[in-house]
Amino acid sequence: MSSTQRTAAAATVLAGLLACSPSTGASAPATAGLAAESSGEPHAEHAGAAGIGDADFPLDGNGGYDVAHYGLRLDYDPRGKRLTGVTAVAAKATQPLTRFNLDLHGFEVGAVSVDGRQAAFSRSGDELTVTPGRPLAKGAKFVVKVAYSGRPEAIKDAANLGTYGWITTSDGAFVTCEPNGAKTWFPANDHPSDKARFDFEITVPAGLTALANGELVGKPRTSRGKTTFVWRERHPMATYLATATLGEFELREGRTPGGIDNLAAVDPAFRSSLGRVYSLSGQITDYWAGIFGPYPFSSTGGVVDDFATGYALENQTKPMYGGFDPDESIIAHELAHQWFGNSLSVRRWRDLWLNEGFATYAEWLWAEHRGRGKAQETFDTQLARAATDPIWAYPPGRAKPDDLFNESVYTRGAMTLHALREKIGDTDFFRLLKDWNTEHRYGHVTTAQFIAMAEKVSGKRLGSLFDAWLFTPRRPPADNR
Ligand code: TRP
Ligand code: ZN
């Protein structure tokens, strides 16, 4: 929270003053937040910060409010590659706000309103600054609506994060947004520390299918050559996990053996994978519910599109596989993320091993369950890597913004968990995995919280083990294995 917070009384006075100031047409300065504070511009001290406070990703997310709900109404034309959208963001001000930012990449913004009244706005880079006609008091609930259109532009970061966001395919779009690509298709507080519920209303040419998170609400409606799909994710979700993947799909719907709604969807090019993706996703979801605790969401499944990203993303309730037939290991990984990453989310990207280390360890557990080698053997093989291997130089407990998805975050993160398991024993280790989920279900987590819970569950001091595995740029010494 900013040091320039004012009392509610001061905000009320300010509201009176601002009531007669020009509120529309006049745009806020190009940069809001911190930069504006020194500009001498009136009321700049009530600007929401341009970033949510993740020092490694300073412009991701925004300050001054907390989103409760996104309502996305989208119409996509795959031929013209044009997206027309109206996004309604319901939020609560966490400080007095004369203006605030949303993250949005590209598009033409047509109109912005706050609580139904037209609001001024300006754009600078991926920051959309909104100046409501009336300032918002701390604690005020408000709805900001943004109408926008244009050709979505995926983010291409060849050196580090690859291509992500709204990715155009031959028949539609493949939408996978980690870490900050939600802004390529809707105005967002685009950082996992602000989760919200989502409603989607997605209109596509008749014959295509739009797949979003959660469950379908009613039957898709077709009129005048277009079909509208309504989806609802009723559990909190980080923006990077939202999807609106659309195109030609073949579907299989039903329930997992344990009774969870299950939906598999594959591009016709992957028709032969449909049955496998459906049944493996169901079996694995049920298996993880036994190991990690109850499944956190209302449905599960998997989507294979024909766009060859070569990666997968754990989109909430619907992992996406980009252009390949997923094997058991990657399905196990993406479904483990429904607990580790999706239900329990990072507050800061540097703690990413809490997602990737756990999901990778889940792959090892699944292999063992299927009789394809013990986790201990996988660990031993990894530990045999040369002392000069880069995995030992990269401490996974502090994921680097310029190399966020380094293999160490995955593999050495998983090794950390195995080292912990060896130290505290199976009973405490698996109790810890369940307690961790129960305690932080739908919330946020940090590495320090995990270490504290591991110590509590085991009654052991574990500081040196975690230091060696997570925070030291060397292969851990023998006494910490
Ligand atoms: N979280 C993904 C996984 O481990 C990998 C990933 C990182 C990703 N960045 C991405 C996937 C961007 C899609 C888009 O399964
Ligand atoms: Zn992962």
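Since the structure is predicted, the reported quantities are computational estimates derived from the model, not experimental observations. We count ligands from 1, going down the list as the structure has it; atoms in each ligand are counted the same way.
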Trainee: Around atom 15 (O) of ligand 1, find the nearest protein heavy atom and jot down its residue, atom name and distance.
Mentor: E334 OE2, 2.8 Å
Trainee: Does the side chain of H333 pick up a donor-acceptor pair with the side chain of E356 at under 3.5 Å?
Mentor: yes
Trainee: For F358, which of W339, F450, F292 qualifies under ring-ring contact (aromatic ring centres under 6.0 Å, His included)?
Mentor: F450
Trainee: Which protein heavy atom lies closest to atom 1 (N) of ligand 1, and at what distance to 0.1 Å?
Mentor: E178 OE1, 2.6 Å
Trainee: Looking at R348 and D351, is there a salt bridge between them, counting it only when a charged N and a carboxylate O are closer than 4.0 Å?
Mentor: yes
Trainee: Numbering the atoms of ligand 1 from 1, which are under 4.0 Å from a heavy atom of E314?
Mentor: 1 (N), 2 (C), 3 (C), 15 (O)
Trainee: Closest to the Zn ion (ligand 2), which N/O/S atom of E356 is it?
Mentor: OE1
Trainee: State, to 0.1 Å, how close W469 and M415 come at their nearest heavy-atom pair, and which atoms those are.
Mentor: CZ3-CB, 3.5 Å
Trainee: Between K460 and D428, is there a side-chain N and carboxylate O pair less than 4.0 Å apart?
Mentor: no
Trainee: Can you report which non-hydrogen protein atom sits closest to atom 11 (C) of ligand 1, along with the distance?
Mentor: A312 O, 3.2 Å
Trainee: Polar contacts were defined as any N/O atom of the residue lying under 3.5 Å from an N/O atom of the ligand; does this apply to Y410 and ligand 1?
Mentor: yes
Trainee: Is there a polar contact between ligand 1 and Y311, counting only N or O atoms under 3.5 Å apart?
Mentor: no
Trainee: T176 and side chain to side chain donor-acceptor pair (under 3.5 Å): which single residue from Y321, W166, Y164, Y311 fits?
Mentor: Y311
Trainee: Heavy-atom distances under 4.0 Å are what count here, so tell me which part of H333 touches ligand 1: side chain, backbone, both or neither.
Mentor: side chain
